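These notes are about the structure you will find just below.
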There are 2 protein chains.
Amino acid sequence: MDDKLDAIFSALADPTRRAILGRLANGKATVAELADPFELSQPAISKHLKVLEQAGLIRSGREANSRPRVLEPAALKTVAAWIADYRRFWDQSFDRLDDYLSKVQGYEND
Amino acid sequence: MDDKLDAIFSALADPTRRAILGRLANGKATVAELADPFELSQPAISKHLKVLEQAGLIRSGREANSRPRVLEPAALKTVAAWIADYRRFWDQSFDRLDDYLSKVQGYEND
DNA sequence: TAGCTATATAGCCATATGGATATATTGTGG
DNA sequence: CCACAATATATCCATATGGCTATATAGCTA
């Protein structure tokens, strides 16, 4: 799972790739469509797509001449699950845990 | 905000750094304490800490001889906020949005 | 089959990253 | 002030990353 997170976070660290995911949130798209908003070469986009796919964030389809991409939510869910463990540090709705933690931390910290 | 996400995701892409955050979730810790679980040199850990700090994920304190680190939840909250936009793709509790989206996507996809 | 369209792959290059060792810096205690 | 402890900074090195151009591959369509 750690390896997965490595790949996922690493894929998400690039703004072009996040923008691509944003586009795919509206539905599947061809490589050309995904490339359109950017001033990057087509191979550069293909490379980004490969990174996203290897991280499990998207999938490739096949449709006539083109290979449309779709979002693969599971990978994002993995991230959400990871970050959920930290939610208590900022979210009011985790008050009881928060109280508990501030006691524990207060003990350790002072 | 995009720049922030770049730095944050990039920082989170390394398992050592995620482990450090995990340790800091139990309360503040010195560099030596943070380095202890790893078979890495002290400078390597300092480098990781610098990356985490520049991403805003941790802060440095000062206490006698040592510079203890603490978690900085805001940066993680930023990630949670980003990913929340995708929550509808996997979470049942977002059913209405999900329905809406599947209609929209169905339209675009078929 | 020939040619066009869509996309992938191969190289190549510059910069970034993660690690190591050696050394500098800063604070504490004697 | 000295010596030690804790941590940071400076190099250096190997590998990874992101971009480009050129070229290969696959599927239509005439």
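Residue numbers begin at 1 in each chain, while the letters A, B, ... track the order of the sequences. Predicted model only: the values in this text are computed from it and were never measured.
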Taking atom [atom1] of [X] and atom [atom2] of [Y], what is their separation to the nearest 0.5 Å?
| X | Y | atom1 | atom2 | result |
| --- | --- | --- | --- | --- |
| Glu33(B) | Arg23(B) | CD | CZ | 5.5 Å |
| Asn26(B) | Leu71(B) | CG | CG | 10.0 Å |
| Ile45(A) | Arg17(A) | CD1 | CZ | 10.5 Å |

Distance check needed: [N] [atom2] versus [X] [atom1], whole Å only.
| X | N | atom1 | atom2 | answer |
| --- | --- | --- | --- | --- |
| Leu12(B) | dT17(C) | CG | C1' | 16 Å |
| Leu34(B) | dA6(D) | CG | C1' | 13 Å |
| Ile45(B) | dT21(C) | CD1 | P | 13 Å |

Between Arg69(A) and the options Leu24(A), Ile20(A), Leu21(A), Leu52(A), the side chain to side chain contact (heavy atoms under 4.5 Å, CB included) test singles out Leu24(A)
Base, backbone or nothing for each nucleotide of nucleotides 21-30 of chain D, written B, S, -, heavy atoms under 4.0 angstrom, 5' to 3'? BB---SBS--
Please name the pair of heavy atoms, one in Ala55(A) and one in Ala75(A), separated by the smallest distance, quoted to 0.1 Å. O-CB, 3.9 Å
Taking all non-hydrogen atoms of both residues, which atom of Phe9(A) and which atom of Ala13(B) are closest, and how far apart? CB-CA, 3.6 Å
Hey, are Arg67(B) and Ser60(B) close enough side-chain-wise for a donor-acceptor pair under 3.5 Å? no
Name the nucleic acid region contacted by Glu39(B), choosing base, sugar-phosphate or nothing; use a 4.0 angstrom heavy-atom cut-off, strictly under.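 Contact class for Glu39(B): sugar-phosphate only.
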Residue pair Trp82(A) / Arg18(B), side-chain heavy-atom distance below 4.5 Å: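 Yes; the side chains approach each other to less than 4.5 Å.
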Give me the residues of residues 47-59 of chain B where at least one heavy atom lies under 4.0 Å from an atom of DNA chain C, by number, or none.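 Those residues whose heavy atoms fall under 4.0 Å from DNA chain C, taken from residues 47-59 of chain B in numerical order, are Lys47(B), His48(B).
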